[in-house]
Amino acid sequence: MSAETIIRLHIALDDIEPVIWRRVDVPVTASLKMLHDIVQAAMGWEDYHLWHFEAGDRRYGVPDPTWPESGMTAAKNVKLATLIDRGVREFVYTYDIGDDWRHTITVEAVGPGEPNVKYPRFVDGARRGPPEDVGGLPGFEMFLDAMADPSHEEHDRLREWYGGPYNATDLDERFTRRAVAAIAIRRHAGKLAYQKSRAQ
């Protein structure tokens with residue numbers, strides 16, 4: 001089995017200090033829709049909301065058939081290799097239009113992957129991502145303050161809403177690794193099924 005070409009991507013949530021970030025290895029043949037799935041898995045999002053990528057002057061996401069003039073290109077039809085070939089080395093992924101969680105995605109390296117590894121693969125990262133529907137950056141700041149201080153007037157309510165304690169420094173690497181690996185397993189199964197159908 002020959003090694004496929006892999007892009008190492010650094011994903012960082014904008015405007016948060018200390019930085020919440022992830023590093024992943026992704027096949028160049030992956031579509032931007034698959035990259036959306038990877039970012040969701042790596043950051044701990046739950047894919048409840050609208051999203052899009054911006055690379056240069058182009059936007060990629062899920063086009064709205066009732067608004068064809070939006071200029072949105074279908075992310076499922078665009079491969080990462082296309083961006084690389086256009087010289088794109090940094091682009092933006094925005095999740096939850098409204099809360100506007102902007103992620104800067106940087107291409108760190110492009111090269112051959114390891115022959116017996118299923119990609120995409122989580123490499124490393126730091127800090128737990130914000131919960132869904134926390135209210136964007138202002139809501140997340142208040143959430144962090146309240147969760148860290150048992151005497152905060154919102155502590156009990158937010159702890160119950162979140163479902164328990166929240167440790168901002170704990171990435172939960174095992175969960176993140178498994179979430180990204182699930183995408184790799186689905187991709188591998190799809191490749192095998194395709195190869196089998198071609199052989200018949």
Side-chain angles (χ1 to χ4, degrees), residues 4 6-27 30-53 75 80 92-97 99-109 113-114 116-137 139-150 154-191:
E4 55 185 334
I6 299 302
I7 304 177
R8 176 157 289 185
L9 297 174
H10 183 273
I11 305 160
L13 259 174
D14 292 358
D15 305 317
I16 296 177
E17 291 291 341
V19 179
I20 298 169
W21 63 273
R22 306 288 184 265
R23 180 172 283 118
V24 292
D25 288 341
V26 182
S31 69
L32 291 181
K33 167 60 173 73
M34 180 180 281
L35 181 57
H36 154 74
D37 294 339
I38 294 164
V39 176
Q40 290 284 312
M43 298 301 289
W45 297 122
E46 296 178 43
D47 204 3
Y48 291 158
H49 301 285
L50 294 173
W51 54 274
H52 64 260
F53 292 95
L80 267 171
V92 173
Y93 169 79
T94 302
Y95 174 60
D96 190 356
I97 316 307
D99 277 0
D100 277 345
W101 295 109
R102 287 172 57 88
H103 308 65
T104 296
I105 301 179
T106 306
V107 176
E108 292 189 327
E114 297 170 43
N116 296 312
V117 172
K118 294 182 181 73
Y119 292 98
R121 175 176 65 174
F122 170 77
V123 179
D124 58 0
R127 305 185 66 78
R128 186 177 292 263
E132 291 279 356
D133 300 320
V134 76
L137 287 169
F140 185 46
E141 287 174 9
M142 191 273 280
F143 173 82
L144 289 175
D145 290 345
M147 292 296 268
D149 179 4
E154 292 290 324
H155 177 83
D156 292 342
R157 182 185 71 82
L158 286 172
R159 185 182 165 113
E160 185 178 335
W161 170 79
Y162 182 67
Y166 177 90
N167 183 348
T169 62
D170 175 26
L171 163 60
D172 195 349
E173 189 168 317
R174 186 171 168 224
F175 174 85
T176 305
R177 197 172 294 284
R178 286 170 61 185
V180 175
I183 299 170
I185 290 165
R186 283 200 308 270
R187 176 176 178 263
H188 184 68
K191 281 169 65 177

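Take H52 and apply the side chain to side chain donor-acceptor pair (under 3.5 Å) test, not counting sequence neighbours, and it matches E54. Among residues two or more places apart in sequence or in another chain, the side-chain contact (heavy atoms from CB on, under 4.5 Å) test is passed with D124 by W21, R23. Every residue meeting the side chain to side chain donor-acceptor pair (under 3.5 Å) condition with K33, not counting sequence neighbours, appears here in chain and number order: D37. Applying the side chain to side chain donor-acceptor pair (under 3.5 Å) test to D172 and every residue at least two apart in sequence or in another chain returns nothing. Every residue meeting the ring pair (Phe, Tyr, Trp, His ring centres under 6.0 Å) condition with Y93, not counting sequence neighbours, appears here in chain and number order: H36, F53, H103. Y162 meets the ring pair (Phe, Tyr, Trp, His ring centres under 6.0 Å) test with F143, Y166; sequence neighbours excluded. By the side chain to side chain donor-acceptor pair (under 3.5 Å) test, D145 is found to be paired with no residue, residues two or more places apart in sequence or in another chain being considered. The salt bridge (charged side-chain N to carboxylate O under 4.0 Å, His left out) test applied to D14 returns R102, not counting sequence neighbours. R157 pairs by the salt bridge (charged side-chain N to carboxylate O under 4.0 Å, His left out) definition with E154, not counting sequence neighbours. For H155, the ring pair (Phe, Tyr, Trp, His ring centres under 6.0 Å) test picks out no residue, with sequence neighbours left out. Considering only residues two or more places apart in sequence or on other chains, E173 meets the salt bridge (charged side-chain N to carboxylate O under 4.0 Å, His left out) condition with R177.
Between L158 and M147 there is a side-chain heavy-atom pair separated by less than 4.5 Å. Put simply, the side chain of Y119 reaches to within 4.5 Å of the side chain of E114, judged on heavy atoms. Taking 4.5 Å as the limit, some side-chain heavy atom of F140 sits within range of a side-chain heavy atom of I16. Residues V39 and I105 form a side-chain contact, since some pair of their non-hydrogen atoms from C-beta on lies under 4.5 Å apart. Considering only heavy atoms from C-beta on, I38 comes within 4.5 Å of P120 through its side chain.
Annotation for E46: atom CD counts as buried by contact number, over 12 foreign heavy atoms lying within 6.0 Å.
Using a distance-only test at 3.5 Å, with no hydrogens or angles considered, no donor-acceptor pair links the side chain of R8 to the main chain of D25. Checked by atom type and distance alone, the side chain of D99 never pairs as donor or acceptor with a backbone atom of W101 at under 3.5 Å. Of the possible polar contacts, none joining the E4 side chain to the P27 backbone as a donor-acceptor pair under 3.5 Å is found.
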Exercise. Test ring pair (Phe, Tyr, Trp, His ring centres under 6.0 Å) on W45 and Y95 and set out the steps.
Key: CA-CA 9 Å; W45 297 122; Y95 174 60; 5.2 Å; yes
Exercise. Apply side chain to side chain contact (heavy atoms under 4.5 Å, CB included) to V26 and I6, showing your working.
Key: CA-CA 5 Å; V26 182; I6 299 302; 5.8 Å; no
Exercise. Please step through side chain to side chain contact (heavy atoms under 4.5 Å, CB included) for the pair V134 and W161, ending with a clear verdict.
Key: CA-CA 10 Å; V134 76; W161 170 79; 4.1 Å; yes
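Among residue pairs with one or both ends in residues 125-136, those qualifying as salt bridge (Lys or Arg N to Asp or Glu O under 4.0 Å) are R128-D170; sequence neighbours excluded.
Rounding to the nearest 0.5 angstrom, the gap separating the CG atom in L32 from the CG atom in L80 is 5.5 Å. Note that CG of L171 and CE of M43 are 9.0 Å apart. Values are rounded to the nearest 0.5 Å. Within the model, atoms CG of L9 and CG of L35 stand 6.0 Å from one another, a figure rounded to the nearest 0.5 Å. With values rounded to the nearest 0.5 angstrom, I183 atom CD1 is found 5.5 Å from R186 atom CZ. For the atom pair OG1 (T106) and NE2 (H10), the distance works out to 7.0 Å, reported to the nearest 0.5 Å. One finds the CG atom of D15 at 9.5 Å from the CD atom of E141 (value rounded to the nearest 0.5 Å).
Closest of all the heavy-atom pairs between R121 and K118 is CB-O, 4.4 Å. What you find for A168 and L144 is that their closest heavy atoms are CB-CD2, 4.0 Å. Residues A12 and V19 approach most closely at CB-CG1, 3.9 Å, considering heavy atoms.
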